[in-house]
S.K.: 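Below are the structure tokens for one structure; questions will follow.
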Amino acid sequence: MNSFALIFYFVFGGNILITWGIVPCRDQAVGIRRSWIGALSIFLASIPASLIDSFLYRRLLTPLGLESMEPLVFGLFLFGVYFSFSAAASALGKPLQAPTDEGTKTIPWSLALYVVALSVGERFSSPLSLMVAGGVAAFGFIAATVLLDDIMARLDLESVPEVFRGMPARFISAGLIALAFSGVDAAFFSRLFE
Amino acid sequence: MINERDRVPGVLLATLAGLAPLLVAADDLVKGVSLAGGFLVAYTVSATLALLLPARVPPIRAFALAALAAAASMTLYTSILRIVDPVLFELLGRRLFIVPFLGPVISVALAPKNEAARDRGWERLIGGLGFALAICLMGFMRELLSSGAISIDLAGQALGRPILPIASQPSGALILIGLVSAAIVAVSRAVLRPSP
């Protein structure tokens, strides 16, 4: 797969928000405050994450027949990173906040990062492809999230039936975006890979 | 201020959003049952450990222990699934790997805030059964709509007449979740309507 095909595939055909159902949950779209720092963080973090996840899965777990241990290894890695940052932040006098009940109800960023790494690892093996595909897949996720938020903001100005306002409309909008993306996938990418 | 009429469906819809990756992956009954089993194992282990750990354990450590226990239980579940049905493991393995990190599982890994919440911990476990049942039902509905029949194993060929083939696609799943969400909101509002 060439670079352009890879970029278009992960933004449209293989978009993780659509194919994995990772739909960010917000009750209200009006007045949304976009966290560009958060988006940039997930984009940058997804590049090494894809590489690390693929290395752990292909080089460490698969040769030993321990593929099933992937969630445990990811959990250990995640909490290892968290506690390392927490210790460093405490040493600098700015302790990290513990996760809250409200924070866990929405899609955790760590889940999106993990899904990016998993979806990329399914298709690529070379380090360069993994890093590029990881960054592009994260970009596709962020782009689809922004698109969905904009659709929701626009829908708030329309006379949508009361029971469809909020999350129901968000799911249906995500489904319609998915329909459009799967059309692109079927018409272009599926033939490209035949 | 959020009233009870809006809070109840709000919590249910947030949970539904957290479950969406499994609801999208459950495109037939067999996958639905397998994913529901994995979810139930991870959710129950996480919730039980969060309830049983003594209150003196720092909250972040209790959270980490419960979340890691859920990940370990998922490792065990996928290992058993791999032995029982290697094809199903290949189809679902990576979807099952994300179960311990889904919103509903992570939220029950947090230790209860006080003793009253700890006493109501059994409600969390019952909730897990309900969510697992929802995943199975989603698999059932999607297979019925997309193929017009239900097969009880992956090798079985559906002989029915397709009703709505899009139901087997992620887009169909998301639209179906949206319609179910709207139904939840409508029913909640009808049930919790203030009496005149």
Side-chain angles (χ1 to χ4, degrees), chain A residues 18-27 57 66-76 78-79 82-83 86 96 98-108 110-111 114-115 118-119 121-122 161-183, chain B residues 9-11 13-18 20-25 59-60 63-64 67-68 70-72 74-79 81-82 89 93-104 106-107 109-110 113 166 169-186 189:
Chain A
I18 302 307
T19 50
W20 286 72
I22 308 287
V23 182
C25 162
R26 283 196 189 96
D27 287 337
Y57 190 75
L66 298 173
E67 294 94 328
S68 305
M69 288 192 74
E70 165 122 7
L72 186 58
V73 171
F74 175 75
L76 288 169
L78 189 70
F79 284 108
Y82 176 82
F83 282 116
S86 182
L96 295 181
T100 60
D101 190 36
E102 285 303 312
T104 55
K105 278 179 187 162
T106 55
I107 293 289
S110 55
L111 175 65
Y114 187 36
V115 171
L118 285 176
S119 59
E122 277 178 350
E162 194 61 28
V163 291
F164 280 96
R165 285 200 175 272
M167 286 302 290
R170 178 172 283 272
F171 281 123
I172 293 173
S173 303
L176 294 175
I177 296 173
L179 196 60
F181 282 10
S182 62
Chain B
V11 171
L13 296 189
T15 307
L16 211 57
L22 296 186
L23 299 175
V24 167
I60 184 63
F63 172 69
L68 286 174
M74 189 46 54
T75 290
L76 192 63
Y77 181 82
T78 47
S79 300
L81 183 69
R82 191 180 189 183
F89 173 78
R94 297 212 140 191
R95 300 281 177 157
L96 283 167
F97 291 166
I98 66 168
V99 172
F101 310 104
L102 293 178
I106 289 288
S107 67
L110 289 167
K113 287 174 190 161
I166 194 181
Q169 302 296 319
S171 51
L174 289 168
I175 292 170
L176 210 54
I177 297 170
L179 295 174
V180 170
S181 305
I184 289 172
V185 173
R189 287 186 178 180

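Per chain, numbering begins at 1; letters A, B, ... match sequence-line order.
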S.K.: Name the member of B:V24, B:L68, B:V99 that forms the most heavy-atom pairs with chain A at distances under 4.5 Å.
M.R.: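 Going by pairs under 4.5 Å, I would pick B:L68.
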
S.K.: I'd like to know if the side chain of A:S119 and the backbone of A:V115 have a donor-acceptor N/O pair within less than 3.5 Å.
M.R.: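 Present.
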
S.K.: Given that the side chain runs from C-beta out, which part of B:Y77 has a heavy atom under 4.5 Å from chain A: side chain, backbone, both or neither?
M.R.: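 Neither; nothing under 4.5 Å.
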
S.K.: Does any heavy atom of chain B fall under 4.5 Å from the side chain of A:I177, the backbone, both, or neither of them?
M.R.: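 No part of A:I177 comes within 4.5 Å of chain B.
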
S.K.: How many angstroms lie between atom CH2 of A:W20 and atom CG of A:L118, to the nearest 0.5 angstrom?
M.R.: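 Answer rounded to 0.5 Å: 5.0 Å.
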
S.K.: Heavy-atom cut-off 4.5 Å, strictly under: side chain, backbone, both or neither for B:A64 against chain A?
M.R.: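 Both parts, backbone and side chain.
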
S.K.: What pairs with A:F164 under ring-ring contact (aromatic ring centres under 6.0 Å, His included), at least two apart in sequence or on another chain?
M.R.: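 Residues passing ring-ring contact (aromatic ring centres under 6.0 Å, His included) with A:F164: none at all.
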
S.K.: Below 4.5 Å from any heavy atom of chain A, which atoms of B:R94 appear? Answer side chain, backbone, both or neither.
M.R.: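 It is both, since atoms from each part get that close.
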
S.K.: Top residue by heavy-atom pair count (under 4.5 Å) with chain B, among A:G175, A:G121, A:S68?
M.R.: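 Winner by heavy-atom pair count: A:S68.
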
S.K.: Side chain from CB out, backbone as N, CA, C, O: work out which of these in B:I166 comes under 4.5 Å of a heavy atom of chain A, or both, or neither.
M.R.: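 When you check distances to chain A, only side chain atoms of B:I166 fall under 4.5 Å.
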
S.K.: Considering non-hydrogen atoms only, spot the tightest contact between A:A178 and B:L174 and give its length.
M.R.: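 What the structure gives for the nearest pair is CB-CD1, 4.2 Å.
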
S.K.: Taking the six-membered ring for Trp, are the ring centroids of A:Y114 and B:F101 within less than 6.0 Å of each other?
M.R.: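 Under 6.0 Å, so yes.
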
S.K.: Drop me the distance from B:L96's CG to A:E70's CD, to the nearest 0.5 angstrom.
M.R.: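 Spacing of CG (B:L96) from CD (A:E70) equals 12.0 Å.
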
